[in-house]
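Let me begin by presenting the structure, written as structure tokens, before commenting on it.
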Amino acid sequence: MAGRVATDPDAALARARANVRHMRSAHGSRTPWLDRWEAILQQGPDHVMRALVAETEESADLRQSSPFAGVLTDRQRSHALAAFRKFERGRTG
């Protein structure tokens, strides 16, 4: 996802903002994780990329409720997951 934000930040952030609006209608207007994502999105691509790659508890929690659904195609998502699994095997194996 960070790669997509880096290569096409306008489209990726626009989709994420639209998803946040949609999630707000489904989950209520005052949801802390949506508030946090909204604040990060308003700060721009650099802050979004930091949230996506940081190895902090907050970032891990935020990634569990990511507003980036639909930014990657199914094929791109499959490739990214396969690359991540390969990376993880190399780190632990």
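Atom set for the values below is all heavy atoms of this structure, side chains included, hydrogens, waters and symmetry mates excluded.
Put simply, the residue from Glu57, Arg63, Glu55 that forms a side-chain contact (heavy atoms from CB on, under 4.5 Å) with Ser59 is Arg63.
Considering every non-hydrogen atom in both Ala12 and Arg4, the closest pair reads CB-CG, 4.1 Å. Among all heavy-atom pairs drawn from Pro67 and Val20, the shortest one is CB-CG2, 3.7 Å. Closest approach of Ala16 to Phe68, counting heavy atoms only: CB-CE2, 3.5 Å. Between Ala2 and Val53 the shortest heavy-atom distance is CB-CG1, 3.8 Å.
In this view, Arg36 and Ala39, Ile40, Glu58, Leu62 satisfy the side chain to side chain contact (heavy atoms under 4.5 Å, CB included) rule, not counting sequence neighbours. For Gln42, the side chain to side chain contact (heavy atoms under 4.5 Å, CB included) test picks out Glu38, with sequence neighbours left out.
Taking 4.5 Å as the limit, every side-chain heavy atom of Leu81 sits out of range of all side-chain heavy atoms of Gln76.
Residue pairs meeting the salt bridge (charged side-chain N to carboxylate O under 4.0 Å, His left out) criterion with at least one member in residues 6-21: none, sequence neighbours excluded.
In this structure, Ser65 OG and Leu34 CG are separated by 7.0 Å, a value rounded to the nearest 0.5 Å.
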Apply side-chain contact (heavy atoms from CB on, under 4.5 Å) to the pair Asp35 and Arg24, showing each step before the final yes or no. CA-CA 9 Å; Asp35 293 345; Arg24 279 203 189 282; 2.8 Å; yes
